[in-house]
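Working notes, beginning with the structure itself.
Index from 1, following the sequence. For ligands, and for the atoms within them, numbers begin at 1 and follow the listed sequence. Treat the numbers as computed from the prediction; the structure is a model and nothing was measured.
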Amino acid sequence: MLTVLAAVILTNGKIWTGDAQRPWAEAVAIEGNRIVAVGSSADIGRNGTVSNPERSEGSATQAREGSFANAQDKDTVIDLKGRLAVPGFIDNHTHFIDGGFELSRVQLRDAATPQEFARRIGEYAKRLGPGKWITGGEWDHTLWNPASLPTRQLIDAVTPQNPVFVSRLDGHMALANSVALKMGGVTRDTPDPAGGTIVRDASGEPTGVLKDAAQSFVDRVIPAASTDERVAAGRAGLAEAARFGVTAFVDMSGGSGAFEDLRAYQRLEKSGDLTARVYLFAPILEYQRMQSAGVEKAFGSDRLRIGGLKGFADGSLGSATAVMFEPFSDDPKNRGLTMQAITDGRMKAAVTDANAHNLQIAIHAIGDRANDEILKIYESIPNVRERRFRIEHAQHLNPDLIKRFAADRVVASMQPYHAIDDGRWAEPKLGHERARWTYAFRSLIDAGATLTFGSDWTVAPLNPILGIYAAVTRRTLDGKNPNGWIPEQKITVEEALRCYTANNAWAMFRENEIGKIAPGMFADIAVLSDNLFTIPPEKIENAKVDLTIFDGRVIFERTP
Ligand SMILES: [Zn+2]
């Protein structure tokens with residue numbers, strides 16, 4: 001019998017480990033911040049003794065030998081009472097600091113009418129006081145009937161003294177009020193920039209909606225958040241992550257604020273408040289800042305890493321800016337909006353050089369043609385090392401593209417919640433044949449591609465359980481597809497869990513540290529209220545995280 005000075009023991013659980021050696025277990029022993037044993041409840045005893053376990057070699061037992069007499073008092077035994085425990089969720093695509101900010105900003109996501117939209121902005125302006133910017137929002141005009149874009153006239157009267165620039169939830173367009181348009185210098189004479197559109201009314205006046213690159217007219221006059229404000233946003237985001245069992249995430253912020261966010265994350269780490277493992281990606285066109293600093297992929301500490309780069313190939317389906325081989329079915333002249341860096345060759349040059357300097361690349365591609373463009377760039381680069389190239393969203397594919405994801409070992413970084421959200425309105429835009437290859441989870445797994453999951457928070461909710469529900473059921477949010485939208489692309493609970501754990505760890509170059517419950521791995525674990533494997537799939541969305549353990553410490557406990 002071995003003696004392990006476990007600080008925390010989880011027992012009597014149904015533990016899905018994600019480890020092929022032992023997929024299911026009842027008990028876990030944690031010593032410090034590592035898992036040291038996984039086995040049956042009988043194997044892993046109450047007073048820290050472990051018989052016949054799977055055990056990591058060279059664990060920290062020795063260092064704590066002297067305190068063994070007190071071990072029984074010190075151990076925390078958590079009786080799971082038959083509940084499901086899984087590896088701490090990993091979210092492979094967030095805009096995390098933005099998410100933290102959003103928690104304190106005006107909430108427009110569920111504003112179901114233009115009147116409600118205006119009312120909330122007006123109320124928020126009153127609370128904020130004159131002169132302050134109103135941003136964020138995450139509005140969704142597809143909830144409105146008819147689904148027309150908002151205009152500055154809708155909100156001007158309630159925001160005479162506040163500049164407003166509120167974003168659609170996909171981030172590909174935003175509405176400015178007249179104050180903000182003026183500050184951004186946008187008039188009827190301002191030409192559309194490359195890769196962007198200033199939406200205008202019949203008389204040629206800007207309506208206030210700015211699409212893609214046109215958003216920069218206003219973005220650039222919004223004062224940047226201070227480091228203290230970013231730290232506070234990070235803290236708010238981390239509390240939200242703990243509540244949802246998220247113990248690691250990729251921050252795809254990708255904007256020019258990425259290096260400022262890095263400063264905020266460093267402060268959170270130093271103060272001991274970084275309760276998740278972060279991998280921060282910076283804008284690909286600024287890759288030389290990383291390269292000249294000597295940074296390579298996945299560089300950093302146990303909790304904070306950098307070395308990833310994020311770029312864009314196209315826009316979004318909702319904004320009809322995704323780049324497609326064929327025009328949108330409801331817009332026969334429109335094949336989407338290719339980012340300038342793709343057409344002028346800067347993207348290919350940046351990917352090639354950054355990869356040569358061992359940085360990791362992730363590029364946003366929604367439309368089938370955008371995915372093809374990026375795969376072509378990836379395929380043009382000699383495969384001399386493990387690159388783990390990523391495509392973010394990989395939303396509208398075809399059989400040829402799916403095969404190439406597998407053959408090139410490109411990470412398909414997808415967000416299942418988008419499928420049940422977009423599924424409400426995507427089919428008329430795509431036509432049925434193209435829709436079959438939309439959010440093609442089943443086809444990607446069957447082809448042998450690496451499928452990974454994330455939320456795209458703030459575009460969608462951070463909660464991974466909603467993502468699992470979406471991938472398993474494909475039931476659209478409007479309730480119109482009870483058996484699933486494109487049901488042949490559904491996947492199983494176990495597959496979805498793997499996409500939220502081990503596969504994401506691989507995409508972050510951390511498969512030996514996180515994403516599984518196995519000896520030697522970091523002790524990052526989520527305990528759920530319900531067993532996702534046995535409840536009816538349509539009930540998965542109601543399951544909650546009861547307990548989150550991060551780095552061997554309980555960081556969240558749900559109060560019923
Ligand atoms: Zn995103």
Side-chain angles (χ1 to χ4, degrees), residues 89-103 109 135-140 167-174 195 211-213 215-216 219 233 237 240-241 246 248-258 261 278-286 308-319 321-323 336-337 339 341-342 347 360-367 370-371 374 389-396 410-422 438-439 451-464 466-467 470 499-500 504 507-508:
F89 293 117
I90 306 174
D91 188 320
N92 207 20
H93 185 125
T94 68
H95 302 271
F96 198 84
I97 299 289
D98 280 354
F101 277 119
E102 192 199 311
L103 293 172
R109 183 183 289 276
T135 59
E138 324 296 322
W139 48 269
D140 182 4
S167 302
R168 183 175 138 72
L169 47 76
D170 64 7
H172 289 277
M173 54 172 119
K211 290 190 178 181
D212 287 301
Q215 296 180 87
S216 65
D219 274 336
E240 191 83 339
V246 174
F249 59 85
V250 170
D251 187 339
M252 276 292 166
S253 104
S256 47
D261 290 347
V278 184
Y279 187 16
L280 178 68
F281 278 54
I284 188 158
L285 298 176
E286 295 179 40
L309 299 163
K310 159 87 183 295
F312 284 88
D314 64 349
S316 74
L317 186 69
S319 300
T321 49
V323 172
L337 210 55
M339 295 291 161
I342 302 284
M347 183 67 80
Q360 190 183 8
I361 319 290
I363 300 178
H364 162 122
I366 302 255
N371 277 275
I374 299 308
F389 284 137
R390 308 166 44 125
I391 290 186
E392 304 309 307
H393 312 306
Q395 212 164 283
H396 310 298
V410 170
V411 174
S413 169
M414 303 182 76
Q415 300 78 34
Y417 189 87
H418 291 345
I420 60 170
D421 191 351
D422 296 6
T438 283
Y439 301 102
L451 178 60
T452 72
F453 281 165
S455 61
D456 207 3
W457 191 46
T458 61
V459 183
L462 181 61
N463 183 359
L466 291 180
C499 291
Y500 266 113
N504 281 344
M508 299 167 85

Next item on the list: Have a look around the Zn ion (ligand 1) and list protein N/O/S atoms under 2.8 Å, or say none.
Entry: His93 NE2, His95 NE2, Asp456 OD1
Notebook entry, point to check: Partners of Asn92 by side chain to side chain contact (heavy atoms under 4.5 Å, CB included), sequence neighbours excluded?
Noted result: Val250, Arg390, Val411, Ser413, Thr452, Asn504, Ala507, Met508
Notebook entry, point to check: What pairs with Leu317 under side chain to side chain contact (heavy atoms under 4.5 Å, CB included), at least two apart in sequence or on another chain?
Noted result: Phe328, Gln395, His396, Trp425, Ala426, Lys429, Leu430
Note to self: Are the side chains of Asp456 and Asp170 in contact, using a 4.5 Å heavy-atom criterion?
What the structure shows: no
Check: Excluding sequence neighbours, so at least two apart, what forms ring pair (Phe, Tyr, Trp, His ring centres under 6.0 Å) with Phe89?
Finding: none
Margin query: Please report whether the ring centroid of His418 lies less than 6.0 Å from that of His93.
Written below: no
Item checked: Non-hydrogen atoms of Ala322 and Gly367 that approach each other most closely -> CB-N, 3.9 Å
